Participant: 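Okay, handing you the structure first.
Throughout, numbering of the chain's residues begins at 1 and tracks the sequence. Everything quoted here is computed from the prediction, not taken from an experiment.
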Amino acid sequence: MTSSFPSKYMSTSEEFPIHFHGWLRINKDGRCERFIGNDIVPAGVDLFTGVHSKDVLISRESNVFVRIYIPKTIRKRKLPTFIYYHGGGFLIESASSSTYHPTLNLITQESNVIAVSVNYRLAPEHLIPTAYEDSWEAIKWVDTHANGNGPESWLNDYADLENVYFAGDSAGANIAHNMAIRVGLSPVKFINLKGVILIHPYFGGKDPIGVEDKTKKHQHHKAFMDQMWLLANKSGVGLDDPLYNPAMDPRISDFGSLKILVCVGEKDKLKCRGLNYKKVIEKSGWKGKVVVMESKGEGHVFFLSNVSSENARILRTRICMFINPIRSKS
C-alpha cells in the first residue's frame, strides 16, 4: 500500500503489516482483527419505539442477510421501502451492530417505512466489488416481492415497491449512489426508485479538493481515507476509480432517481466531498434535483453515536420529510 502522504492514523510493523488505529489491523498471517462493529444486537421488538425487526438470509451461498424493520403500528397496508447500507469504509461494521440498530429503529418509527438494512460482506476478506454485488443482490431480492409473491412475508404484506428509497452513511452512502446508477442503467423490474439519501458520503479521488490539503491534519485524514479504499479495492484502478470518485464516472448522468438528499456535517472532513458531489452530478446532465443539508457543529456520522441529540433528531426529521413530504407537513 502506498500513499502520497503518510497518515498518523496508520502504522506498519512486522507483526501487523497494516494497522488502522482504532479500526482494524492485519496480522502477519493475514488474519484481520476488527475493533469496531463487533457488538451485535439481536433483532426483535425495540422497547423504546415498539419497532419490530428480524434477520432474513437472502443468499445461502454468500450468507448475506438483511435486517428488516416494521413500525409498531401500520396505519396503511403498504409503506415506503427504505433500503439502507451501513458505513465503515467497506472494512468494518454490520447491519446488526449496536451502532446501527437504534438509528434504524428510530427512522422506521419516525418516517413510517419498512426498512431493509443490508449486511454486505466486508473487505479485505471480500474485496470490492463484493460489497456492491451483495448490495445489488439485495435490491433484486427485494424486487421479487412485487405482487406479494416473494419469500418474505413482511415485504409481501407491507413493502410499497413503487415508493423505494436508497440510503446509507459514509461507505454506505457510496454504495447507495452506485446502486442508483445501476438502477438507471439496468432497471429492476418492479422497483420505482423515488429518491436517494447520502449521509456524510465516503467519496475521494487522487487529487485533493477543498480543505483536504489545507493542513497536516487534513492531509493525514485524506491519506487515511484513501488507504482504506486501497485496502478494500485492489483492482489497480486506484483513487480515481469511478466507484470512489464520482467525477470520473461517465455514467453518473444515468443516476436512477430524480431526487437526492446529501447530508453533510459542518466539522466532517469529508464535507467537501459531499458538497463537490452536488456540483458534479448537477453538471453531468442528470435531470433531477439534489438538496444539501448541513448539520452545524457536527462531525462524521455523529447521528449514530448520539441518537437523542437535537441535531440527530433534526437529521432524521429531514429524512422523514424527504420520504413523506405530505405526512411531514400535516
Participant: Side chains of S94 and N119: donor-acceptor distance under 3.5 Å anywhere?
Facilitator: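 A pair is found: one side chain offers a donor N or O, the other an acceptor, under 3.5 Å apart.
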Participant: So, Y277 versus F203, ring centres under 6.0 angstrom or not?
Facilitator: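 Distance test on ring centres: under 6.0 Å, yes.
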Participant: Considering non-hydrogen atoms only, spot the tightest contact between K222 and G205 and give its length.
Facilitator: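 Heavy atoms of K222 and G205 come nearest at NZ-O, 2.7 Å.
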Participant: Considering all heavy atoms of both residues, which atom of A232 and which atom of G89 are nearest to each other, and what is their separation?
Facilitator: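 Reported closest heavy-atom pair: CB-O, 4.3 Å.
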Participant: So, are R121 and E93 salt-bridged, with charged N and O less than 4.0 Å apart?
Facilitator: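 Between E93 and R121 there is no salt bridge, as every charged N stays at least 4.0 Å from the carboxylate O atoms.
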Participant: Going from CD on E282 to NZ on K289, what distance comes out if it is rounded to the nearest 0.5 angstrom?
Facilitator: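 Result: 10.5 Å between the selected atoms.
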Participant: Does any donor atom in the side chain of E33 or N27 lie under 3.5 Å from an acceptor atom in the other side chain?
Facilitator: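 Side-chain D/A pair, E33 to N27: present.
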Participant: I would like to know whether Q227 and F20 meet side-chain contact (heavy atoms from CB on, under 4.5 Å); could you show each step before the answer?
Facilitator: CA-CA 9 Å; Q227 291 292 3; F20 290 177; 4.2 Å; yes
Participant: For the side chain of H220 and the backbone of K8, is there at least one donor-acceptor N/O pair under 3.5 Å apart?
Facilitator: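 Pair found, side chain donor or acceptor close to backbone of K8.
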Participant: Check this for me: does any side-chain nitrogen of one of K269 and E212 sit under 4.0 Å from a carboxylate oxygen of the other?
Facilitator: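 No.
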Participant: For the pair V290 and K279, evaluate side-chain contact (heavy atoms from CB on, under 4.5 Å) and give the outcome as yes or no after the intermediate values.
Facilitator: CA-CA 9 Å; V290 56; K279 296 177 183 178; over 6 Å; no
Participant: Considering non-hydrogen atoms only, spot the tightest contact between N324 and P80 and give its length.
Facilitator: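 The answer is OD1-CG, 3.8 Å.
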Participant: Quick one: does S186's side chain have a donor or acceptor within less than 3.5 Å of a partner on V183's backbone?
Facilitator: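 Checked: no pair found.
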Participant: Would you call R182 and E133 a salt bridge, using N to O less than 4.0 angstrom?
Facilitator: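 Counted as a salt bridge, because a side-chain N and a carboxylate O are separated by less than 4.0 Å.
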Participant: Kindly indicate whether the side chain of I323, heavy atoms from C-beta on, has any atom under 4.5 Å from the side chain of V113.
Facilitator: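 Yes - at least one pair of side-chain heavy atoms lies under 4.5 Å apart.
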Participant: Do S59 and E137 meet the criterion of a side-chain donor-acceptor pair at a distance under 3.5 Å?
Facilitator: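 S59 vs E137: no donor-acceptor pair found between side chains.
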Participant: To the nearest 0.5 Å, what is the distance between CG (D207) and CG (D240)?
Facilitator: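 Those atoms lie 6.5 Å apart.
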Participant: Indicate yes or no for a side-chain donor-acceptor contact from S170 to the backbone of G88 under 3.5 Å, with no hydrogens or angles considered.
Facilitator: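 No; judged by distance alone, with no hydrogens or angles, the pair does not exist.
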Participant: For F16, does the six-membered ring have the charged nitrogen or CZ of R25 within the cation-pi criterion, i.e. under 6.0 angstrom from the centroid and within 45° of the normal?
Facilitator: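 Output yes; distance and angle both within limits.
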Participant: Between N149 and H145, is there a side-chain donor-acceptor contact under 3.5 Å, judged purely by atom types and distance?
Facilitator: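 Their side chains do not contain a donor-acceptor pair, so the 3.5 Å distance test is not met.
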Participant: Answer whether the closest heavy-atom distance between the side chains of N163 and K194 falls below 4.5 Å.
Facilitator: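 Yes, side chains in contact.
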Participant: As an exercise, state the distance from CG of L261 to CD1 of I197, rounded to the nearest 0.5 Å.
Facilitator: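 Output value for this atom pair is 6.0 Å.
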Participant: Would you kindly confirm whether M10 and F35 end up in one hydrophobic cluster when ILVMFWY residues are joined by side chain heavy atoms under 4.5 Å apart?
Facilitator: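 In one cluster: no.
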Participant: Between atom CG of L91 and atom CD1 of I26, what is the distance when rounded to the nearest 0.5 Å?
Facilitator: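 So the gap between those two atoms works out to 8.0 Å.
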Participant: Do E162 and K78 have side-chain heavy atoms sitting under 4.5 Å apart?
Facilitator: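 Heavy-atom side-chain distance check fails, nothing below 4.5 Å.
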Participant: Is it the case that the side chains of H19 and S13 hold a donor-acceptor pair, with the cut-off being a distance below 3.5 Å and no angle test?
Facilitator: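 No.
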Participant: Do Y84 and D169 pair up side chain to side chain, a donor and an acceptor below 3.5 Å, judged on atom types alone?
Facilitator: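 Side chains of Y84 and D169: pair found under 3.5 Å.
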Participant: I need the minimum non-hydrogen distance between T108 and I70, along with the two atoms involved.
Facilitator: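 Answer, listing the atom of T108 first, then I70: CG2-C, 3.7 Å.
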Participant: Give the minimum heavy-atom separation between V264 and G274, together with the two atoms involved.
Facilitator: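 For V264 versus G274, the nearest heavy atoms are CG1-CA, 4.1 Å.
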Participant: State plainly whether the residues E266 and K296 are in salt-bridge range, i.e. N to O under 4.0 Å.
Facilitator: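 Salt bridge flag = no for K296 with E266.
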Participant: Please report the closest heavy-atom contact between V64 and L57, naming both atoms and the distance.
Facilitator: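 Reported closest heavy-atom pair: O-CD1, 3.5 Å.
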Participant: State the CH2-OG distance between W286 and S253, to the nearest 0.5 angstrom.
Facilitator: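 W286 CH2 to S253 OG: 11.0 Å, rounded to 0.5 Å.
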Participant: Same hydrophobic cluster for F255 and L275, using side-chain heavy-atom links shorter than 4.5 Å among ILVMFWY?
Facilitator: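 Yes, it is one cluster - the side chains of F255 and L275 are joined through contacts under 4.5 Å.
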Participant: Within a strict 4.5 Å, meaning less than it, do heavy atoms of the R67 and L104 side chains meet?
Facilitator: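 The answer is no; the side chains never approach within 4.5 Å.
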Participant: Regarding N174 and Y85, is there a side-chain donor-to-acceptor distance under 3.5 Å anywhere?
Facilitator: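 The criterion, which ignores hydrogens and geometry beyond distance, is not satisfied for Y85 and N174.
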Participant: Report the residue from Y132, Y244, W23 that forms a ring pair (Phe, Tyr, Trp, His ring centres under 6.0 Å) with F90.
Facilitator: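 Exactly one candidate clears the test, Y132.
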Participant: When you compare the side chain of L315 with that of F302, does any pair of heavy atoms fall below 4.5 Å?
Facilitator: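 Yes; the side chains approach each other to less than 4.5 Å.
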Participant: Keeping T49 on the side-chain end and L106 on the backbone end, is there a donor-acceptor pair under 3.5 Å?
Facilitator: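 Checking the backbone N and O of L106 against the side chain of T49, no donor-acceptor pair under 3.5 Å is found.
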Participant: Should I107 and F82 count as side-chain neighbours, where that means a heavy-atom distance under 4.5 Å?
Facilitator: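 I107 reaches F82 side chain to side chain.
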Participant: Using the rule that two of Ile, Leu, Val, Met, Phe, Trp, Tyr join whenever any of their side-chain heavy atoms come within less than 4.5 Å, decide whether Y9 and L270 are in one cluster.
Facilitator: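 Yes, Y9 and L270 fall within the same hydrophobic cluster.
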Participant: Are the side chain of S53 and the backbone N or O of Y69 linked by a donor-acceptor pair below 3.5 Å?
Facilitator: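 Such a contact is absent between S53 side chain and Y69 backbone.
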Participant: Are I83 and V118 close enough that some pair of their side-chain heavy atoms sits under 4.5 Å apart?
Facilitator: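 SC-SC contact between I83 and V118 confirmed.
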Participant: Please state whether the rings of H300 and H200 are parallel, tilted or perpendicular, taking 30° and 60° as the class boundaries.
Facilitator: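 H300 and H200: tilted rings.
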Participant: So do the side chains of V116 and L155 get within less than 4.5 Å of each other, counting heavy atoms only?
Facilitator: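 Yes, side chains in contact.
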Participant: Indicate yes or no for a side-chain donor-acceptor contact from R273 to the backbone of N245 under 3.5 Å, with no hydrogens or angles considered.
Facilitator: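 Side chain of R273 to backbone of N245, a donor-acceptor pair under 3.5 Å: no, none is there.
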Participant: When you group the ILVMFWY residues by side-chain heavy-atom contacts below 4.5 Å and let the links chain together, are F65 and I175 in the same group?
Facilitator: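 Different hydrophobic clusters.
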Participant: Quick check: is M225 connected to L230 through a chain of hydrophobic side chains (ILVMFWY, heavy atoms under 4.5 Å apart)?
Facilitator: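 Yes, same cluster.
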Participant: Could you walk me through whether T144 and F190 pass side-chain contact (heavy atoms from CB on, under 4.5 Å), step by step?
Facilitator: CA-CA 8 Å; T144 66; F190 298 107; over 6 Å; no
Participant: Measuring from atom CD of Q219 to atom CG of D213, what distance do you get when rounded to the nearest 0.5 angstrom?
Facilitator: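 Q219 atom CD to D213 atom CG measures 6.0 Å (nearest 0.5 Å).
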Participant: Kindly say whether W154 contributes a backbone atom to a donor-acceptor pair with the side chain of E152 at under 3.5 angstrom?
Facilitator: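 Yes; at least one donor-acceptor contact below 3.5 Å.
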Participant: List the steps, then state whether ring-ring contact (aromatic ring centres under 6.0 Å, His included) holds for F166 with H177.
Facilitator: CA-CA 8 Å; F166 294 169; H177 158 77; over 10 Å; no
Participant: Is a side-chain N or O of S309 found less than 3.5 angstrom from the main chain of N306, in a donor-acceptor match?
Facilitator: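 Checked: pair present.
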Participant: Could you walk me through whether T317 and E110 pass side-chain contact (heavy atoms from CB on, under 4.5 Å), step by step?
Facilitator: CA-CA 8 Å; T317 298; E110 295 167 358; 5.6 Å; no
Participant: Quiz question: by atom type and distance under 3.5 Å, do the side chains of N311 and E298 form a donor-acceptor pair?
Facilitator: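 A pair is found: one side chain offers a donor N or O, the other an acceptor, under 3.5 Å apart.
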Participant: Do D241 and N233 get their side chains close enough for a donor-acceptor pair, meaning under 3.5 Å?
Facilitator: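 The criterion, which ignores hydrogens and geometry beyond distance, is satisfied for N233 and D241.
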Participant: Between H86 and Y120, how do the two ring planes meet: parallel, tilted or perpendicular, split at 30° and 60°?
Facilitator: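 H86 and Y120: parallel rings.
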